[in-house]
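Notes follow once the structure below has been shown.
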Amino acid sequence: DAGVIQSPRHEVTEMGQEVTLRCKPISGHNSLFWYRQTMMRGLELLIYFNNNVPIDDSGMPEDRFSAKMPNASFSTLKIQPSEPRDSAVYFCASSLDGRGGTEAFFGQGTRLTVV
Amino acid sequence: AQSVTQPDIHITVSEGASLELRCNYSYGATPYLFWYVQSPGQGLQLLLKYFSGDTLVQGIKGFEAEFKRSQSSFNLRKPSVHWSDAAEYFCAVGANTGFQKLVFGTGTRLLVSP
């Protein structure tokens, strides 16, 4: 398996523009997680899905952020409108069943820069 | 809710020397505990995990970690560090009930000197 695939790897956008980050989880995994990594706040869980259903979105910073998982093989994280403080590395991860002891496999991340 | 503390932001170790990275957690029950490593520009890779049984856990790349309930700790160790071990290391805790919600520490950056 190719692992968790994220695109794009790098994104530079102007403030106010819409940004869409994409993730393809490992085939057969039914849980998907979006994390944000910054120097100031470290790794933060934004949202996680189980069987394509959002289970906990309490980490989503504000209404400008939204995430969808239309099917088992694809998820998006959208920021609209983007702001400079959204600059960070966004990671997608998937796991086999989402239960506590299950390993999460991470993608290589999308580095977002909002200017 | 669970939380993780990694008290050391940076650690420098000479190649060949031993390593111990500290991790303390807070959780009301027996947690699931993980150590991940992140190389520059890469995602996180699992080194090892603990959720029951033997409190000394062996992982990949020669790493091990010991769960100490009395100290709420899960420190990562390696007897002899290699230059390729230079990376950032994250401790994480997950709840042992319901769906996984990993909470990560702030990470420890390991530098390896010649």
Side-chain angles (χ1 to χ4, degrees), chain A residues 2-10 21 23-26 29-60 88-111, chain B residues 1-10 23 25 27-54 57 59-60 63 65 67 74 87-109:
Chain A
V4 176
I5 299 173
Q6 292 185 247
S7 64
R9 289 293 311 277
H10 302 274
L21 311 181
C23 175
K24 176 177 167 51
I26 293 173
H29 284 189
N30 68 8
S31 292
L32 183 139
F33 310 82
W34 282 101
Y35 286 87
R36 178 172 67 176
Q37 185 179 38
T38 61
M39 290 291 292
M40 293 299 295
R41 301 174 67 93
L43 268 164
E44 303 173 275
L45 177 65
L46 300 178
I47 185 170
Y48 70 95
F49 294 85
N50 183 260
N51 291 323
N52 312 335
V53 175
I55 301 300
D56 186 344
D57 65 355
S58 60
M60 295 286 263
V89 181
Y90 291 81
F91 287 103
C92 176
S94 70
S95 69
L96 192 58
D97 62 16
R99 286 180 295 178
T102 311
E103 176 183 356
F105 292 81
F106 283 76
Q108 292 191 300
T110 295
R111 181 174 295 276
Chain B
Q2 61 266 45
S3 67
V4 178
T5 301
Q6 292 181 249
D8 304 306
I9 297 174
H10 297 100
C23 172
Y25 70 90
Y27 182 62
T30 301
Y32 293 127
L33 294 162
F34 304 79
W35 274 99
Y36 281 84
V37 60
Q38 184 181 28
S39 298
Q42 301 297 313
L44 279 73
Q45 180 185 22
L46 182 70
L47 285 176
L48 48 80
K49 67 179 181 181
Y50 169 82
F51 52 90
S52 67
D54 194 344
V57 180
I60 62 171
F63 285 92
F67 170 59
F74 189 57
E88 189 146 20
Y89 292 80
F90 293 91
C91 182
V93 60
N96 64 6
T97 58
F99 290 106
Q100 178 188 74
K101 184 173 181 176
L102 278 182
V103 174
F104 284 84
T106 50
T108 298
R109 182 169 296 280

- Message: Which residue is it: Gln42(B), Gln38(B), Arg109(B), His10(B)? I am looking for the one with a side chain to side chain donor-acceptor pair (under 3.5 Å) to Glu88(B).
- Response: Arg109(B)
- Which residue pairs satisfy the salt bridge (charged side-chain N to carboxylate O under 4.0 Å, His left out) criterion with at least one member in residues 38-48 of chain B, sequence neighbours excluded? none
- Query: What part of Ser58(A) gets closer than 4.5 Å to chain B, counting heavy atoms only: side chain, backbone, both or neither?
  - Reply: side chain
- Okay, Gln6(A) and chain B: the region with an atom under 4.5 Å from a heavy atom over there is neither
- Item | Exceeds 12 heavy-atom contacts within 6.0 angstrom, atom CD1 of Ile60(B) | yes
- State which residues pass ring-ring contact (aromatic ring centres under 6.0 Å, His included) with Tyr89(B); sequence neighbours excluded, sorted by chain then number. Phe63(B)
- So, the part of Arg9(A) with a heavy atom under 4.5 Å from chain B: the answer is side chain
- Portion of Phe90(B) that has a non-hydrogen atom of chain A nearer than 4.5 angstrom: side chain
